[in-house]
Amino acid sequence: SIQLADIVSKEESEGTERDVIVGHLYDMMDEDHKERLSLQQLQRGFHRIGWAHSPKGLKAIFKMPKVGGWIDNENEFSVTRLRFIETFRGLRSLAMFRCSSRDSITEVLDKRRRKWDPGTRRLRGYTIEPLVSLSRRIKCISASPPLPCLAVCVKDACTAMLLSSETGETYRTFSGHCSAIFDLSISPDKRFVATASRDNTLILWDCTCGHLVKQFRHPGVVTCCVFTENNQILTGSYDSMVRRYDVGKGLMHTTPPQQSGKGVVITLATMKQMAAVTRTREMAVEIIHVKSMKGLMKLGGHDTVVWILQFNSTGSNLISLCEKYIKVWKTENMVIEEEAVGSVSIDDLGLVSGGIVSSPPHASCSSNANKLTFLSASFLPSSFEHLIMATTSPAVVSFFDISGVQLFSFPNRFPFYTITPCSDGSEKLYVGDTAGNIFTISVF
């Protein structure tokens with residue numbers, strides 16, 4: 001692959017030298033010596049040299065105009081040796097092999113460049129470093145810079161922890177629930193941690209000493225909680241209600257019963273005076289006004305239950321995620337556009353290596369055990385907030401722009417279950433996997 005990249009970059013290497021190297025590549029892929037490469041052989045071959053590509057991308061590349069020797073119909077796709085060598089003749093770069101879709105390949109062939117917002121940065125790469133290993137699957141992580149701390153809880157645990165975001169050392173342990181913790185959140189003023197539990201309570205903890213400050217009892221299981229910018233707490237529970245607690249005044253407000261949706265509240269996200277909520281019996285996102293607790297609108301477009309909601313740091317976009325789709329919604333002045341500005345389908349997801357996309361082997365499996373599904377998604381921090389990081393099960397991590405174009409991805413040993421971006425300008429995300437490991441991902 002290094003030889004090929006070097007030879008393509010040289011203008012004088014038009015003849016025999018280039019054809020010989022490309023011929024060697026073809027021979028390596030043609031394991032059964034039939035002088036025709038199937039789509040599966042092309043995928044395996046490119047993956048072996050550090051490249052990869054989706055079936056649609058390969059078909060687009062090897063069906064370029066003015067090149068013969070290909071066969072393509074519903075039942076067969078094969079590439080002859082002549083077709084393969086001719087494809088690489090005349091190339092000045094390998095840009096087309098780093099494209100993520102048929103349309104972007106066409107843009108490369110037509111020598112058109114993608115237009116980028118000059119106010120945003122391009123994502124060049126990432127680093128991933130282990131932070132700490134805990135006993136069970138990481139259930140949730142909450143970060144609140146500039147404190148170098150993370151609030152963390154693991155699956156089925158009755159306690160939560162405050163950890164160092166630099167060393168993973170445990171600063172505080174919050175013990176007081178008598179059943180599993182479902183969610184937690186750090187307050188904007190860095191004074192409190194709120195935990196929502198199966199024992200029908202929301203508990204407010206002091207970050208400094210770890211003591212219980214206040215306990216709010218609910219009529220059912222408390223499934224999620226989140227702090228607003230005004231240090232109020234929003235909670236969701238089994239009775240489909242969203243409640244707002246004014247911590248300083250000790251007051252409680254609930255959504256009007258006639259306006260409450262159907263099903264258990266799954267997750268909440270807030271930005272200024274707007275909150276987004278999802279429920280188990282609705283395949284939509286409800287937007288409510290935090291002060292009045294009244295519903296404003298509902299966002300559809302999903303065909304399964306929505307599990308993840310997140311606003312970016314400026315509040316200009318909202319992510320909603322279900323098993324099959326990630327959708328991005330534009331928000332402005334308490335109004336959200338009813339049509340998503342970007343969408344990613346699990347069916348189009350590829351495994352990307354070095355900027356080149358291919359369908360993962362498990363993506364085509366028909367059994368439910370190996371079914372590819374989205375687990376979590378998050379906007380990237382700070383100047384990369386126009387980009388999205390998403391995780392799937394089986395374990396693949398992918399990066400997209402908000403229009404849904406996949407940039408690159410990498411496999412992981414275990415699926416990442418939760419993602420939390422850091423908003424202190426450090427370009428970091430904290431992720432927790434199903435084996436109990438927490439990692440720090442830095443993007444650049």
If the plane angle is over 60° it's perpendicular, under 30° parallel, otherwise tilted; pick one for F399 and Y126.
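Ring orientation, 0 to 90° scale: parallel.
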Scan T201, T159, L202, V222 and name whichever one has a side-chain contact (heavy atoms from CB on, under 4.5 Å) with H177.
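Filter result, single survivor: T201.
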Hey, could you give me each pair passing side chain to side chain donor-acceptor pair (under 3.5 Å) that has a residue in residues 435-444? Not counting sequence neighbours.
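Side chain to side chain donor-acceptor pair (under 3.5 Å) check on residues 435-444 returns S133-N437, D433-N437.
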Does any pair with a residue in residues 185-213 pass ring pair (Phe, Tyr, Trp, His ring centres under 6.0 Å), and if so which ones, sequence neighbours excluded?
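Matches after skipping sequence neighbours: F174-W205.
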ring-ring contact (aromatic ring centres under 6.0 Å, His included) with F379: which residues, sequence neighbours excluded?
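Once residues adjacent in sequence are excluded, F379 has no partner under the ring-ring contact (aromatic ring centres under 6.0 Å, His included) criterion.
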Would you please name every residue forming a ring-ring contact (aromatic ring centres under 6.0 Å, His included) with F227, sequence neighbours left out?
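Scan of F227 (ring-ring contact (aromatic ring centres under 6.0 Å, His included), adjacent residues dropped) gives none.
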Partners of [X] by side-chain hydrogen bond (donor to acceptor under 3.5 Å, both in side chains), sequence neighbours excluded?
{"X": "R137", "result": "Y417"}
{"X": "S185", "result": "none"}
{"X": "N230", "result": "none"}

Using the salt bridge (Lys or Arg N to Asp or Glu O under 4.0 Å) rule, collect all pairs that involve residues 300-309, keeping only residues at least two apart or in two chains.
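Qualifying pairs: D303-K324.
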Partners meeting side chain to side chain contact (heavy atoms under 4.5 Å, CB included) with [X] (sequence neighbours left out):
{"X": "T267", "result": "T278, L309"}
{"X": "T208", "result": "D206"}
{"X": "I308", "result": "L321, S376"}
{"X": "V154", "result": "L134, S135, R136, I138, A157"}

Between Y245 and H218, does a ring pair (Phe, Tyr, Trp, His ring centres under 6.0 Å) hold up when you go through it step by step?
CA-CA 12 Å; Y245 294 93; H218 290 60; 5.5 Å; yes
Spacing of CD1 belonging to I181 relative to OG1 belonging to T195, to within rounding of 0.5 Å
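With rounding to 0.5 Å, CD1 (I181) is 5.0 Å from OG1 (T195).
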